[in-house]
K.L.:
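Okay, here's the structure, questions in a sec.
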Amino acid sequence: MSDSERSFLFLVGSSRADGNTETLARRAAEQLPPTTDRRWLRLGDLALPLFEDRPHEGEGPCPASSGLAETLLEATLAATDIVVVSPLDWYSVSTATKLYLDLWSGWMRVPGLDFLERMRGKTLWSVTVHGGQDPATAAPLVGTLRHTADYAGMRWGGALLGYGSGPGDVLRDTAALGRAKAFFS
């Protein structure tokens, strides 16, 4: 697939606009060829619903998404590359990111949607910034997303990790900024 055929969906799970994680993701995205389609969605702005695991309650398949969740579903299915842009939040993905991943459970149960089949072959990426000195603290977050990719039959693109505690700190993480230049290559 050529770069002009790729379509990147950046899902920003941070509660803060223009935070360190989003800054690092935008640095990486700047390196994509200009013909590559990019869409940025801020998950916190979508007021995602809590997932109700209704099939275990005998209510059968999940209904189709509507409203903002439907917009998110359409964007997810349209992308060839999905980039989860989530700060490290208690050693895992942010709340908004977890709500997005929970929607997958519902989308897998919508009759006729064939969600997992349509996700197969896409690439899942992760960009995160952590506030600790040890990058291993991000291992649970990376593991969550890598296992999600495996489960859905997606390719794992990798994780771009950076350090930053206060606003703008990631801009001083020269190693992470260097990795961002080649991350999507």
Side-chain angles (χ1 to χ4, degrees), residues 7-22 24-25 28-29 38-131 137-162:
S7 174
F8 279 75
L9 175 61
F10 292 87
L11 298 167
V12 181
S14 178
S15 60
R16 185 176 353 149
D18 302 317
N20 284 309
T21 304
E22 183 177 351
L24 185 59
R38 297 158 225 199
R39 183 171 183 185
W40 293 79
L41 291 176
R42 184 170 303 287
L43 294 172
D45 293 346
L46 299 178
L48 299 176
L50 294 175
F51 173 68
E52 295 179 43
D53 197 6
R54 296 177 3 181
H56 294 282
E57 297 172 5
E59 295 183 30
C62 288
S65 291
S66 60
L68 294 172
E70 182 178 19
T71 299
L72 187 55
L73 171 62
E74 290 170 358
T76 298
L77 293 175
T80 60
D81 295 76
I82 298 168
V83 185
V84 173
V85 181
S86 174
L88 186 64
D89 188 3
W90 283 103
Y91 310 102
S92 191
V93 296
S94 67
T95 301
T97 302
K98 178 66 169 81
L99 288 172
Y100 166 70
L101 293 174
D102 284 346
L103 286 174
W104 287 31
S105 296
W107 294 339
M108 289 187 298
R109 297 174 184 161
V110 174
L113 183 60
D114 301 319
F115 180 74
L116 284 181
E117 181 62 32
R118 294 171 73 183
M119 294 303 286
R120 205 172 297 352
K122 296 178 185 286
T123 303
L124 185 64
W125 306 83
S126 171
V127 178
T128 193
V129 171
H130 59 93
T137 59
L141 178 148
V142 173
T144 294
L145 296 174
R146 186 174 193 141
H147 289 302
T148 299
D150 289 345
Y151 182 82
M154 300 172 74
R155 287 185 295 274
W156 173 244
L160 174 59
L161 300 177

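For the single chain, residues carry numbers from 1 onward in sequence order. Here the structure is a predicted model, which means the values were calculated and not measured.
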K.L.:
Rounded to the nearest 0.5 Å, how far does OG1 of Thr97 lie from CG of Leu101?
P.N.:
7.0 Å
K.L.:
Roughly how far, to the nearest 0.5 Å, is CG of Asp150 from CG of Leu124?
P.N.:
9.5 Å
K.L.:
Would you please name every residue forming a salt bridge (Lys or Arg N to Asp or Glu O under 4.0 Å) with Arg118, sequence neighbours left out?
P.N.:
none
K.L.:
Between Lys122 and Ile82, is there a donor-acceptor pair closer than 3.5 Å when you use the side chain of the first and the backbone of the second?
P.N.:
no
K.L.:
State whether the side chain of Ser94 and the backbone N or O of Ser14 hold a donor-acceptor pair below 3.5 Å, judged by distance alone.
P.N.:
no
K.L.:
Do Met119 and Thr76 have side chains that get closer than 4.5 Å, going by heavy atoms?
P.N.:
yes
K.L.:
Quick one: does any side-chain atom of Thr21 pair with a main-chain N or O of Thr128 as donor and acceptor, under 3.5 Å?
P.N.:
no
K.L.:
Looking at Asp18 and Arg42, what are the two nearest heavy atoms and their distance?
P.N.:
N-NH2, 4.1 Å
K.L.:
Could you label the plane-to-plane angle of the Tyr100 and Trp107 rings as parallel, tilted or perpendicular, counting under 30° as parallel and over 60° as perpendicular?
P.N.:
perpendicular
K.L.:
I need the Leu103 CG to Glu70 CD distance, nearest 0.5 Å.
P.N.:
12.5 Å
K.L.:
Distance-only, no hydrogens or angles: does the Ser7 side chain make a donor-acceptor pair with backbone N or O of Thr80 under 3.5 Å?
P.N.:
no
K.L.:
Is the closest side-chain heavy-atom distance between Leu88 and Leu161 below 4.5 Å?
P.N.:
no
K.L.:
Tell me which one of Val85, Leu145, Val84, Val83 satisfies side chain to side chain contact (heavy atoms under 4.5 Å, CB included) with Trp125.
P.N.:
Val83
K.L.:
May I ask you to test the Leu113-Leu73 pair for a side-chain heavy-atom distance under 4.5 Å?
P.N.:
yes
K.L.:
OH/Tyr91 to OG1/Thr144 distance, rounded to the nearest 0.5 angstrom?
P.N.:
14.5 Å
K.L.:
Do you know which two heavy atoms are closest between Pro87 and Leu141, and how far apart they sit?
P.N.:
O-CD1, 3.9 Å
K.L.:
On a heavy-atom basis, which atom in Leu41 and which in Ala75 lie closest, and how many Å separate them?
P.N.:
CD1-CB, 3.9 Å
K.L.:
Do other residues, nucleotides or ligands put more than 12 heavy atoms under 6.0 Å from the CZ atom of Arg38?
P.N.:
yes
K.L.:
Of the non-hydrogen atoms in Ala96 and Leu48, which two are nearest, and what is the gap between them?
P.N.:
O-CD1, 3.9 Å
K.L.:
Looking at Arg16 and Glu22, what are the two nearest heavy atoms and their distance?
P.N.:
O-OE1, 4.4 Å
K.L.:
Report yes or no: does Ser86 contribute a side-chain atom to a donor-acceptor pair with the main-chain N or O of Gly13 at less than 3.5 Å?
P.N.:
no
K.L.:
Between Leu46 and Thr71, is any pair of side-chain heavy atoms under 4.5 Å apart?
P.N.:
no
K.L.:
Looking at Ala25 and Phe10, what are the two nearest heavy atoms and their distance?
P.N.:
O-CE2, 4.4 Å
